[in-house]
Amino acid sequence: MLQVAFIRQHLQEVKDRLAVRNFKEDGIVDRVIALDDERKKWQSEFEEIQAKVNSTSKEIGQLIAKKEAELAEKLRVEVAEHKSQLPSITDKLIAVEKNLLDEILKLPNLPHSSVPAGKTPEDNQLVREGGTKPTLPEGSFPHWELAKKYDLINFDLGNKLTGSGFPVYKGKGAKLQRALIQYFLDYNINAGYTEYLPPHMVNEATAYGTGQLPDKEGQMYYVPIDGLYLIPTAEVPVTNIYRDEIVKENDLPIKMTAYTPCFRREAGSYGKDVRGLNRVHQFDKVEIIQLVDPAKSYEVLEEMVIHVEKLLQSLQLPYRILRLCGGDMGFTSSLTYDFEVYSAAQDKWLEVSSVSNFETFQTNRMKIRYKDSNGKMQLVHSLNGSSLALPRIVAALLENNQVAEGILLPEVLKTYFGAKLIS
RNA sequence: GGAGAGUUGUCCGAGUGGUUGAAGGAGCACGCCUGGAAAGUGUGUAUACUCGUAAGGGUAUCGAGGGUUCGAAUCCCUCACUCUCCGCCA
């Protein structure tokens, strides 16, 4: 959520930057300021009356102590008069505060100055590519065929147990999941991240904190009887660990990593790239999250990009890094890099990670702050990225590494998986 | 699921209707003391909004939301959470 004070001070800049996102602000920005003006007006009226009530009440107390009941009675009548004005003012104040919040919640985060303007994924900027695309032998298979051939993943069984998009991993397929999770976590812990294993369901306040609510409830699975949401990513519970906390400046940066399953309804995306593991409703992911000094957040973002890049390199997968254009960026992000791996048999680039700086957009909602050297409260910046989302990594690993004898896994997984070959 | 007890500032903990934003202690910060440190000692130590160039003032906040009252941390109601006992149970 943007800060009203910031909008007030940078009115034109805010509008210009929203335009980079291709976001039609439709007068929201001006309305926010107008509503905030109105809010101030009602608030000061309210406070003025309340101040009178408070001071008069104090006098009444003193008069009663001095046994001057008549005077006290007179003041009591006076207070009642003041108070009779309050309900209508309070109603207006509450209404205007609600309207203000409604409006400001409609505004997405402001894109960083390096974000290219643009509307669609075609406008994303290629930052760099790495690795080499394999040349597959004749008669090579897409991953869903390979998964079947080596009995690694059973999509039909998932259908039976739950529904489409809930694959069942079996045997070496299940073990490969476990190996990847373990490897990714170890890799992150080595880089100074603290591991968490958070709840996989969250309450409304938590979903609101990272920006899933309001508006995106359709993307989450919901358990109405308990009012809980299944997490779409570890970002949600883990970032909220520090909700309403004032951290010490020395504690920054706070680096956290977590493995969780992720649940996504993917409403409205039926029939689009849903084959095999390309898009599923439940998948495993290891996430990295940082809370940092605002002055250093872009430096940290680049660090995180390198961190994820090296992880991909260690898996020997061909990848490319994209800087998302304004139109393709998520609602809460200021700058996002997407990582895609090339899945050879499908001849497709698959998104496997998304690394973003949210600046204060999330922390303003969650009120995650620190006291700077001048003793001033500051919101920290939050960042996160996947390292990595498993299904598409598995898809690429299977497709790119298929040989006549089976699937030849990258060296780095050998100790985790216990073998180099899936056959 | 049933019965009971609780939820106060960074932490511990007092407070049961009036000047309590909140005693006391610990912690932390700064100073004194010291060769240096510990101990001792002095001072300071919430957040948000708002008015003000500032000094400083106002309003709100004692789990959350409502109510009673001139006045609520304190009384009443609802909800959430924690703990104890019983039940059920991986």
Neighbours of RNA chain B within residues 244-255 of chain A, by heavy-atom distance under 4.0 Å: none

Partners passing salt bridge (charged side-chain N to carboxylate O under 4.0 Å, His left out) against A:Asp37 (at least two apart in sequence or in another chain): A:Arg8

Pairing residues for A:Glu48 by the salt bridge (charged side-chain N to carboxylate O under 4.0 Å, His left out) criterion, not counting sequence neighbours: none

Assigned partner base of B:U82, Watson-Crick or wobble definition, under 3.5 Å: B:A5

For A:Phe331, all residues meeting ring-ring contact (aromatic ring centres under 6.0 Å, His included), sequence neighbours excluded: A:Phe361

Who pairs with B:C11 - Watson-Crick or G-U, where each distance is under 3.5 Å: B:G25

Base-pairing mate for B:G65 - Watson-Crick or G-U, with both contacts under 3.5 Å: B:C77

Contact pattern, 5' to 3', of nucleotides 53-63 of chain B - B, S or - by protein heavy atom under 4.0 Å: -----BBS---

5' priority, RNA chain B, between A:Ile64 and A:Thr56 [closest heavy atom]: A:Ile64

A:Phe283 six-ring face occupied by A:Arg264 cation (under 6.0 Å, within 45°): no

Nearest-Å distance for atom pair CD1/C1', residues A:Ile60 and B:C70: 4 Å

A:Tyr416: ring-ring contact (aromatic ring centres under 6.0 Å, His included) partners, not counting sequence neighbours: A:Tyr183

Touch class at under 4.0 angstrom, heavy-atom based, for A:Glu59 against every strand present: nothing

Residues touching RNA chain B, which here means a heavy atom under 4.0 Å, drawn from residues 363-372 of chain A: A:Arg369, A:Lys371

Atom P, compared across B:G27 and B:U34: separation rounded to whole Å: 23 Å

Pairing partner (Watson-Crick or G-U wobble, both distances under 3.5 angstrom) of B:U16: none

Phosphate-side-chain proximity, A:Arg39 and B:U50, N/O vs OP1/OP2 below 4.0 Å: yes

Non-neighbouring partners of A:His10 that pass ring-ring contact (aromatic ring centres under 6.0 Å, His included), sequence neighbours left out: A:Phe6

Integer angstrom distance from the C1' of B:C62 to that of B:A46: 12 Å

Residues that A:Lys52 engages under side-chain contact (heavy atoms from CB on, under 4.5 Å), provided they are two or more places apart: A:His82

A:Lys296 bridged to A:Glu299 by N-O distance under 4.0 Å: no

Test ring-ring contact (aromatic ring centres under 6.0 Å, His included) applied to A:Tyr193 - qualifying residues, sequence neighbours left out: A:His307

Set of salt bridge (charged side-chain N to carboxylate O under 4.0 Å, His left out) partners for A:Lys40, sequence neighbours left out: none

Inter- and intrachain pairs under ring pair (Phe, Tyr, Trp, His ring centres under 6.0 Å), touching residues 21-43 of chain A, at least two apart: none

G-U wobble or Watson-Crick pairing nucleotide for B:A37 (cut-off 3.5 Å, both distances): none

